[in-house]
*Asks:* 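Pasting a structure below so you can have a look.
In what follows, chains are A, B, ... by sequence order, proteins preceding strands, each numbered from 1.
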Protein chains: 2
Amino acid sequence: MVKRTSFEGDGCPVARSLEAIGDWWTLLIIREAMLGLRRFGEFQSKLGMAKNILSARLRSMLDHGILAMVPASDGSAYQEYVLTPKGRGLFPILVALRQWSEEFDDTPEEIDTIMIDRAKGRPVKKLELHAEDGRLLSLADITLKPRPAPRRRSA
Amino acid sequence: MVKRTSFEGDGCPVARSLEAIGDWWTLLIIREAMLGLRRFGEFQSKLGMAKNILSARLRSMLDHGILAMVPASDGSAYQEYVLTPKGRGLFPILVALRQWSEEFDDTPEEIDTIMIDRAKGRPVKKLELHAEDGRLLSLADITLKPRPAPRRRSA
DNA sequence: CCGATTGGTTTTATAATGCAACCACAAAAG
DNA sequence: CTTTTGTGGTTGCATTATAAAACCAATCGG
């Protein structure tokens, strides 16, 4: 096999995510969907991508349950692509990508938008990872452990 | 041009991140680096990827300042790849990817590891996005705004 | 009903990926 | 110090993905 290796069977949850959203365009489509775009043509003109690629990505996201097709919105007979809860669940990933650029990009002056708290109009804070007891955690504070065996009925 | 479209000039910080880490293998290499791998052969055998691809990805990450080469560690004359602060800054992205799988994967029983707080041995909480005043924010609570013009000396 | 727009599919060309073979140099063995 | 092994790659070729453009059917606006 020379096809692009699939991570489907992999037990690593990072690999499993990448299997669904790890290609070039998917996250950008999702970003636009989160900003309110819904129609094929909107995505295509906003992102400037080839229509066949967009078509393939949309279908893949439908298959993965990230997007769903809904009948209308205006009165037309066309369909629209909307995020499912699973799709909206990608929000922290986009925030993490954005904040990494904001913090480490070599030419941050080229970044043209900032994410603000709609209620107050103020920039948001950085994503935080906490322990159960509330302590703020960083890379050095965590480790991986095998998943506990699933509960059997008579174990 | 038919080459894979580059997001280099794009002002969107998500696109800019993807330019650096948006390909198939990069984040998996970084995951392994965060778990302690440092040598070419370690990455190659652990990930099972082609050596030329690994070579290209490592070079790209060096160029992007995500990895650095350091001379030794054991006494040998070989070199090792270690994460820079910019590379360690990718940690929230990996956490976000992991947690998305944990929450939305169709077959979560196939996920083989969980992330735990090293100090307490307990699972970590979900990533949280807060406003400056501490309110927990979700997708519906945020919006984007053009980046404020950079301060000029005599403005 | 006629033309334009929307939402794609098909075709064809190029770039990226995967695998295997090869190679230089360091390290270890004799 | 000579041979052998292991590390860290590069090179060549087959396959796959991506891109751009042409094409096409259904829908909508008048």
Side-chain angles (χ1 to χ4, degrees), chain A residues 1-10 15 18-29 32-33 36-64 67-82, chain B residues 1-10 15 18-29 32-33 36-64 67-82:
Chain A
M1 287 213 308
V2 201
K3 55 193 315 183
R4 186 152 75 177
T5 54
S6 161
F7 306 127
E8 247 182 286
D10 196 329
L18 293 175
E19 175 72 19
I21 59 160
D23 58 82
W24 277 94
W25 288 106
T26 297
L27 281 170
L28 295 178
I29 295 168
E32 297 304 331
L37 298 199
R38 304 162 73 96
R39 299 277 283 250
F40 185 96
E42 289 178 325
F43 291 114
Q44 202 266 322
S45 63
K46 185 76 188 298
L47 291 168
M49 65 188 296
K51 297 199 295 179
N52 53 349
I53 306 297
L54 175 58
S55 181
R57 290 292 164 273
L58 289 172
R59 190 174 8 258
S60 166
M61 287 190 268
L62 291 173
D63 292 346
H64 281 286
L67 293 178
M69 299 203 71
V70 300
S73 153
D74 58 351
S76 81
Y78 293 122
Q79 298 240 304
E80 295 181 341
Y81 298 91
V82 297
Chain B
M1 287 215 307
V2 200
K3 57 193 313 184
R4 187 153 73 179
T5 54
S6 160
F7 306 127
E8 246 182 285
D10 196 329
L18 292 175
E19 175 70 18
I21 59 160
D23 58 82
W24 278 95
W25 288 107
T26 299
L27 281 171
L28 296 178
I29 295 168
E32 297 304 330
L37 298 198
R38 305 163 72 98
R39 298 279 283 250
F40 186 96
E42 288 179 325
F43 291 113
Q44 202 265 322
S45 62
K46 185 76 188 300
L47 291 169
M49 65 188 296
K51 297 200 293 180
N52 53 346
I53 306 296
L54 176 56
S55 181
R57 290 291 165 273
L58 290 172
R59 188 173 10 258
S60 167
M61 286 190 269
L62 291 172
D63 292 345
H64 280 285
L67 292 179
M69 299 204 69
V70 300
S73 152
D74 59 350
S76 81
Y78 293 119
Q79 298 239 304
E80 296 180 341
Y81 297 91
V82 296

*Asks:* Please identify which of these residues, B/K51, B/R57, B/R59, meets the side chain to side chain contact (heavy atoms under 4.5 Å, CB included) condition with B/S55.
*Replies:* B/R59
*Asks:* Which part of the nucleic acid does B/Y81 contact within heavy-atom distance under 4.0 Å: base, sugar-phosphate only, or nothing?
*Replies:* sugar-phosphate
*Asks:* Once you round it to whole Å, what is the distance between P of C/dT6 and CZ of A/R38?
*Replies:* 17 Å
*Asks:* Write down the distance between CZ (A/F40) and C1' (C/dG7), rounded to a whole number of angstrom.
*Replies:* 6 Å
*Asks:* From CZ of B/R59 over to P of C/dA16, roughly how many Å is that when rounded to an integer?
*Replies:* 14 Å
*Asks:* Just to confirm, is there a sub-4.0 Å distance from OP1 or OP2 of D/dA19 to any side-chain nitrogen or oxygen of A/W24?
*Replies:* no
*Asks:* With respect to the phosphate group of D/dT27, does any side-chain polar atom (N or O) of A/S76 fall under 4.0 Å of OP1 or OP2?
*Replies:* no
*Asks:* Side chain of B/N52 only, heavy atoms from C-beta on: which candidate in C/dC19, D/dG9, C/dT9 is closest?
*Replies:* C/dC19
*Asks:* Taking the nucleotide of DNA chain D with the closest heavy atom to each, which residue, A/M49 or A/A77, is nearer the 5' end?
*Replies:* A/M49
*Asks:* Just to confirm, is there a sub-4.0 Å distance from OP1 or OP2 of D/dG9 to any side-chain nitrogen or oxygen of B/R57?
*Replies:* no
*Asks:* Using whole Å, what does the distance between atom P of nucleotide C/dT17 and atom CG of B/L58 come to?
*Replies:* 14 Å
*Asks:* Is a side-chain donor or acceptor of B/Q44 paired with a backbone partner of B/M49 at a separation under 3.5 angstrom?
*Replies:* yes
*Asks:* Output the rounded distance in Å from CG (A/L18) to P (C/dT17).
*Replies:* 14 Å
*Asks:* Of the listed nucleotides (D/dA19, D/dT10, C/dT9), which one gets closest to any side-chain atom of A/W25?
*Replies:* D/dA19
*Asks:* Let's see if you can work this out: which of C/dT6, C/dG8, D/dT10 has an atom nearest to the side-chain heavy atoms of A/R39?
*Replies:* C/dT6
*Asks:* Without decimals, in angstroms, what is the distance between B/K51 NZ and C/dA21 P?
*Replies:* 12 Å
*Asks:* Rounded to the nearest angstrom, tell me the gap between atom CD in B/Q44 and atom C1' in D/dT10.
*Replies:* 14 Å
*Asks:* Could you check how far CD1 of A/I53 sits from P of C/dT10, rounded to whole Å?
*Replies:* 14 Å
*Asks:* Can you tell me how the ring of B/F43 sits relative to the ring of B/Y81, calling it parallel under 30°, perpendicular over 60° and tilted otherwise?
*Replies:* perpendicular
*Asks:* Of all the heavy-atom pairs spanning B/S76 and B/R39, show the shortest one and how long it is.
*Replies:* OG-NH1, 3.8 Å
*Asks:* For B/E42 and A/Y78, find the nucleotide of DNA chain D closest to each by heavy atoms; which residue's nucleotide sits nearer the 5' end?
*Replies:* B/E42
*Asks:* When you compare the side chain of B/F7 with that of A/L28, does any pair of heavy atoms fall below 4.5 Å?
*Replies:* yes
